[in-house]
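Values in this document were obtained by computation on a predicted structure and should not be read as measured data. Reminder, nothing fancy here: chain letters follow the sequence lines and each chain counts from 1.
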Amino acid sequence: MATGINTAVRNPASFGPRAGRLLSQTGLYVLLSLGAFLFLVPFAWMVSTALKEAGDVMKFPPEWIPQPVLWGNFVEAFTQDYAPFGIFFKNTIVITGTAVIGQLLSASLVGFSFARLRWWGRDYLFLIVLATMMLPYQVTLVPVFVLMKVLGWIDSLLPLIVPFYLGGGAFYIFLFRQFMMTIPLELDDAARIDGCGTLWLYARIILPLSGPALATAAIFSFLAHWNDFIGPLIYLNSVSNYTLSLGLRILQGYGGYGIQRWNLLMAASLFVMMPVLLLFFFSQKYFIQGIVTYGVKG
Amino acid sequence: MTYSLSRRNFLRTAAGLGAVGILAACDMPTGGTAEGAAESAELSVWVWWPSPVPSLIEMGDTFMEAHPNVTVSVEAPSDYWTKVQTSIAGGAGPDLFFMNNVNYWSWAHREVLYDMTELAAADDAMQDNIANSWQGAVDFYNYKGRQFGMPYMYTSIVLYYNEDYIDSKGLALPADIEDEMDWNRFREYGLALHEEDDDGVAMWGLHSTGGIETGWLNFVRANGGDFLNDDNSECIIDAPESIEAWNYLVNLRREDGISPSPEALQAEGANSLFQSGKIALYPSGNWEMSFLNEQLKDFSYNITLLPFSPQTGERGGTTNIVGVVINNNTPAEGPAWNLMTHLLSKDSQDKLARANVLAPVRHDSAELYYDPELGPANRRAAFEMQEWTSALPTHDIVTWGEMMQPTTEWQTEIFEGRVSVEEGLANMADSVNSLF
Amino acid sequence: MHRSKLWRQIRPHAAGWLCASPWILGFLIFTLGPMLWSIYYSLTEYPLIRPPVWVGLDNFRVMFQEDKFFYNSLRVTTLYAIVAVPLHLVTGFLMAVMLNQKIRYIALWRTIYFLPSVVSGVAVALLWQWIFNSDFGLANWLLGLVGIDGPSWLLSPTWALPALIIMSLWSVGGSMVIFIAGLQGVPQALYEAAEMDGSNAVRRFWHVTVPMISPVILFNLIIGLIAALQTFTQAFIMTAGGPKQSTHFFMLHLYNNAFQWLKMGYASALAWILFAYILVATLFVIRSSSVWVFYEGEIKGR
């Protein structure tokens with residue numbers, strides 16, 4: 001299976017006889033460049049706006065190079081007394097960190113059970129796992145909210161963390177199961193002969209060998225929790241519990257009292273996107289792997 | 001029904017009383033009830049926009065000095081009304097939160113607010129606060145004989161103008177000729193001040209297409225009409241005096257072309273246009289003064305009374321009475337009540353006045369708020385406007401959101417010229433009446 | 001003795017259930033239980049501050065007969081899905097074909113096209129709200145470069161939904177990557193055989209590439225469809241459903257009912273309608289796929 005955008009081209013669906021090749025190649029590069037421009041220019045636009053003075057934002061045609069370059073916009077965006085971004089950042093880290101850990105632990109354990117253990121009802125339950133992938137979250141939205149109310153968890157971080165320790169979601173279970181099935185079964189037998197328990201097998205043999213699956217799951221889990229909006233929107237009410245997504249919403253709602261201060265808003269948005277972009281540049285391979293596992297093997 | 005009586009008339013008398021109160025500042029002790037003083041609690045206070053936050057934090061600090069076992073936090077959450085509602089329904093929520101005029105009755109009706117009638121009656125400090133406050137506003141927060149909240153501050157609508165620009169045109173400043181500024185004169189000013197060049201409009205003469213709060217209801221009331229009738233049972237926005245006022249406003253947009261249309265203002269709001277010197281005459285609320293004082297660099301502005309109707313010789317205005325209420329869920333009613341009392345004390349209301357957020361509800365603090373030193377020079381116009389002011393419409397069964405949904409829809413249709421004034425207002429009234 | 005023998009038999013099964021127990025618990029507490037409650041709530045009036053009151057099928061009657069936003073939200077959501085999803089497929093597929101050629105700096109090109117799809121959420125919605133600003137935005141500046149006087153986008157009832165569709169194309173990289181992986185799985189021999197038959201590039205594309213990749217198209221179609229029918233954040237942040245309800249997505253309607261108006265019973269009923277809609281749409285796509293999706297196994301049968 002091809003796993004990376006960096007892998008060599010195996011099957012160029014080559015167009016045209018050799019005569020037209022040069023022309024079509026040139027056309028291809030022009031098209032690619034144009035597309036790349038359109039895909040990248042929003043980022044440039046965001047950076048440019050984020051560094052501009054308020055007055056220069058409302059200029060048309062826009063000036064692409066900010067003069068002067070106002071790094072202070074980042075400071076200003078994060079020091080509004082009604083939007084404590086330090087706290088939002090901390091809350092987001094806490095939620096994302098603990099939820100990712102929970103999701104990895106429980107999904108890998110469950111995936112391990114489906115992939116490496118033989119037990120009554122396993123295949124039926126796995127069908128249910130797959131079926132829950134098709135269930136839209138809206139169906140359980142209201143009852144789960146009521147459940148959280150009964151537990152007294154409204155306006156706390158718990159509803160955004162605890163559920164992920166219980167199974168971690170069908171996609172992640174599926175991902176771990178698919179990966180763990182590729183690990184040779186002889187390893188289990190060897191361990192069993194050594195008299196090792198099931199949990200030991202999971203923790204000491206299978207999990208350490210599941211590095212790529214863990215990395216892929218960690219990335220997708222991180223993205224999901226970092227960018228989550230509807231969860232925090234529903235469960236978090238006090239500003240002191242807000243995440244970055246809700247913090248951006250505050251800035252959007254109050255920025256300059258009716259006058260949108262786009263430079264500050266773009267600075268804050270850029271900041272929120274940054275960890276995701278950095279993660280992408282350092283672990284591109286796993287991003288692709290996750291999508292492809294989901295898309296082609298699924 | 002006391003709660004519907006408050007609609008129109010009390011505010012006038014109240015404004016008169018206010019003038020007396022302003023001169024009679026008195027120093028009475030502030031504080032809380034003795035039994036709640038030692039109780040420990042963590043109180044949270046929510047408000048729906050950030051301007052009041054810094055002064056509330058100051059008041060909270062003073063409160064914590066007197067009540068060392070209590071901590072106070074002040075927050076301005078996004079999507080405020082949804083958040084307050086879901087958090088309270090979810091069994092949590094703030095201890096105290098800010099309430100406005102237009103939502104109060106429907107909230108009081110829903111029984112999620114703490115009934116403070118008895119506490120207020122028994123509390124000397126609160127009684128003293130009330131005695132020094134605008135009585136009409138206190139009455140407004142009395143819903144069917146029960147007190148579910150207390151007023152804290154209020155808005156008033158005035159005419160902002162670009163002083164330098166009007167000066168440069170050689171016209172008399174509106175504040176100097178306020179007695180002559182009827183609707184006809186207002187229009188003449190708008191026509192004289194309006195300026196267009198090759199790129200389009202360089203300066204809008206005025207802004208006539210604002211919404212219910214800063215726009216048309218002020219003119220409708222000046223002309224003797226209103227949005228709801230006196231006992232709140234019917235929308236009467238399609239009455240003849242109202243149609244006349246609307247025709248006047250719509251013509252400024254449609255015939256004279258000296259006001260931007262609502263859709264033209266979606267990209268950049270009227271407040272932004274005024275701040276960048278692109279609207280000369282701009283009716284808006286007293287909340288803009290603090291922002292303009294800080295942000296305006298390129299020209300100086302001033303305020304004056306809204307123009308009066310040539311038909312009635314009267315001006316008209318709206319006010320939004322902002323109050324504080326206590327969440328029925330609060331585990332700390334004693335401390336919450338003490339904080340409430342503290343927010344209405346002379347000391348706190350003075351802080352509010354100096355912070356220049358909105359006019360404090362206490363007469364003896366309002367004097368500080370209307371001090372011309374805070375700017376602009378004719379700041380007292382915001383106070384004088386109260387003589388013609390009554391509260392924004394409110395209803396206990398139909399929420400403000402439900403009422404405003406068809407209202408703003410038809411308002412846009414009318415100002416954009418897609419329906420006639422008569423037809424649009426008839427539709428607006430019908431849609432609102434179908435809710436009752 | 002007897003007991004330990006039994007235990008030896010049960011033990012592996014017990015271990016399996018034990019390891020799967022987090023999911024089983026989670027399924028019961030956060031999926032199956034709530035689903036049953038949701039059915040119950042959908043038949044009640046439930047304002048959250050008071051206990052649910054049984055109303056039978058009244059919520060559904062109100063939905064189909066009285067709720068003036070319901071049909072509009074269905075219409076908006078359907079329109080969005082019908083336009084955005086196929087547009088995504090075509091764009092993603094063409095990009096994948098382009099980026100599966102022998103070109104220089106292939107990794108860089110692919111990274112560029114993939115990059116926007118990794119960011120999402122409120123930050124992206126705010127960025128595009130600014131891009132679509134009618135007076136000072138990037139979109140109208142770009143259109144101005146080619147001599148077009150751009151519309152007012154998010155402020156216009158006509159253009160707000162198209163704006164959200166254009167925005168969604170920015171994240172087409174995800175499906176592109178899946179297509180690339182699919183393309184790389186097409187056996188080279190098929191192309192060679194087709195070339196020997198004298199097929200030109202266009203024929204090879206239609207008769208080799210498209211059929212071989214059709215299972216991937218089906219997958220992308222289903223995933224895209226489900227996601228499109230649940231659209232929320234963009235509409236909530238950028239337009240709040242307006243102007244004139246033109247972007248009032250179904251999910252926005254559900255959220256408003258549940259959390260703005262505290263109509264939890266009605267919102268549950270809406271959720272089941274959404275579920276039914278998604279189910280029917282997905283099944284329809286899957287049924288129809290027997291006509292146009294080509295599975296490799298079929299080759300042997302011929």
Under 4.5 Å from any heavy atom of chain C, what part of [X] do you find: side chain, backbone, both or neither?
| X | answer |
| --- | --- |
| Ser245(A) | both |
| Met274(A) | neither |
| Met266(A) | side chain |
| Ile173(A) | side chain |
| Tyr165(A) | backbone |
| Trp262(A) | side chain |
| Phe37(A) | side chain |

Largest heavy-atom contact set with chain C, pairs under 4.5 Å, which of [options]:
| options | value |
| --- | --- |
| Leu199(A), Leu105(A), Leu117(A) | Leu117(A) |
| Tyr137(A), Trp226(A), Phe281(A) | Tyr137(A) |
| Pro61(A), Ser106(A), Pro163(A), Gly121(A) | Pro163(A) |
| Val41(A), Val272(A), Leu246(A) | Val41(A) |
| Phe271(A), Trp64(A), Phe112(A), Phe164(A) | Trp64(A) |
| Leu244(A), Leu38(A), Ile219(A), Ile128(A) | Ile128(A) |

*Pick one of side chain, backbone, both or neither for Phe232(C), based on which atoms fall under 4.5 Å of a heavy atom in chain A.*
side chain
*Between Leu223(A) and Val118(C), what is the shortest heavy-atom contact and its length?*
CD2-O, 4.0 Å
*Heavy-atom closest contact (Leu233(A) atom, Phe236(C) atom, distance)*: CD2-CZ, 3.9 Å
Is there a side-chain contact between [X] and [Y] (heavy atoms, below 4.5 Å)?
| X | Y | answer |
| --- | --- | --- |
| Leu109(A) | Pro22(C) | yes |
| Pro42(A) | Leu127(C) | yes |
| Phe39(A) | Met95(C) | yes |
| Ile29(C) | Leu147(A) | yes |

Taking every heavy-atom pair that is under 4.5 Å apart, which of [options] has the most such pairs with chain A?
| options | result |
| --- | --- |
| Ala125(C), Ala258(C), Ser21(C), Gly137(C) | Gly137(C) |
| Ala20(C), Ala14(C), Gly121(C) | Ala20(C) |
| Gly174(C), Ala267(C), Gly173(C), Pro116(C) | Pro116(C) |
| Val122(C), Leu138(C), Val172(C), Thr31(C) | Leu138(C) |
| Ile278(C), Leu115(C), Val208(C), Thr233(C) | Leu115(C) |
| Ala271(C), Cys19(C), Gly26(C) | Cys19(C) |

To the nearest 0.5 Å, what is the distance between [atom1] on [X] and [atom2] on [Y]?
| X | Y | atom1 | atom2 | result |
| --- | --- | --- | --- | --- |
| Ile10(C) | Trp119(A) | CD1 | CH2 | 15.5 Å |
| Leu283(C) | Met134(A) | CG | CE | 7.5 Å |
| Leu32(A) | Met98(C) | CG | CE | 4.5 Å |
| Leu18(C) | Thr198(A) | CG | OG1 | 8.5 Å |
| Leu125(A) | Trp17(C) | CG | CH2 | 4.5 Å |
| Lys149(A) | Leu48(C) | NZ | CG | 4.5 Å |

Check for a donor-acceptor pair, side chain of [X] on one end and backbone N or O of [Y] on the other, with a separation under 3.5 Å.
| X | Y | value |
| --- | --- | --- |
| Ser113(A) | Gly16(C) | yes |
| Trp37(C) | Val144(A) | no |
| Ser38(C) | Val139(A) | yes |
| Lys59(A) | Phe136(C) | no |
| Gln252(A) | Ile237(C) | yes |
| Tyr113(C) | Ala36(A) | yes |
| Trp141(C) | Pro62(A) | no |

When the ring planes of [X] and [Y] are compared, do they come out parallel, tilted or perpendicular, using 30° and 60° as the limits?
| X | Y | answer |
| --- | --- | --- |
| Trp23(C) | Phe114(A) | perpendicular |
| Phe114(C) | Phe280(A) | tilted |
| Trp45(A) | Trp130(C) | parallel |

*Could you check Asp135(C) against Phe60(A) for side-chain contact (heavy atoms from CB on, under 4.5 Å), going step by step and ending with a plain yes or no?*
CA-CA 7 Å; Asp135(C) 287 354; Phe60(A) 199 84; over 6 Å; no
*For side-chain contact (heavy atoms from CB on, under 4.5 Å), just list the numbers for Tyr29(A) and Arg104(C), CA-CA rounded to whole Å, side-chain angles, deciding distance to a tenth of an Å, and then say yes or no.*
CA-CA 9 Å; Tyr29(A) 281 109; Arg104(C) 279 163 193 269; 3.7 Å; yes
*Test salt bridge (Lys or Arg N to Asp or Glu O under 4.0 Å) applied to Arg122(A) - qualifying residues, sequence neighbours left out*: none
*asked:* Is there a side-chain contact (heavy atoms from CB on, under 4.5 Å) between Tyr266(C) and Val142(A)? Walk through the geometry before answering.
replied: CA-CA 10 Å; Tyr266(C) 190 67; Val142(A) 167; over 6 Å; no
_Atom CH2 of residue position Trp120(A) - does it have more than 12 heavy atoms of other residues, nucleotides or ligands inside 6.0 Å?_
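Check passes, neighbour count above 12.
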_Greater than 12 external heavy atoms within 6.0 Å of Trp272(C)'s CH2_ = yes
_CA sep, side-chain torsions, deciding dist, call: Met35(C), Leu135(A), side-chain contact (heavy atoms from CB on, under 4.5 Å)_ = CA-CA 10 Å; Met35(C) 275 174 78; Leu135(A) 185 78; 3.8 Å; yes
_For the aromatic rings, using the six-membered ring if either is Trp, is the centroid distance between Phe43(A) and Trp170(C) under 6.0 Å?_
yes
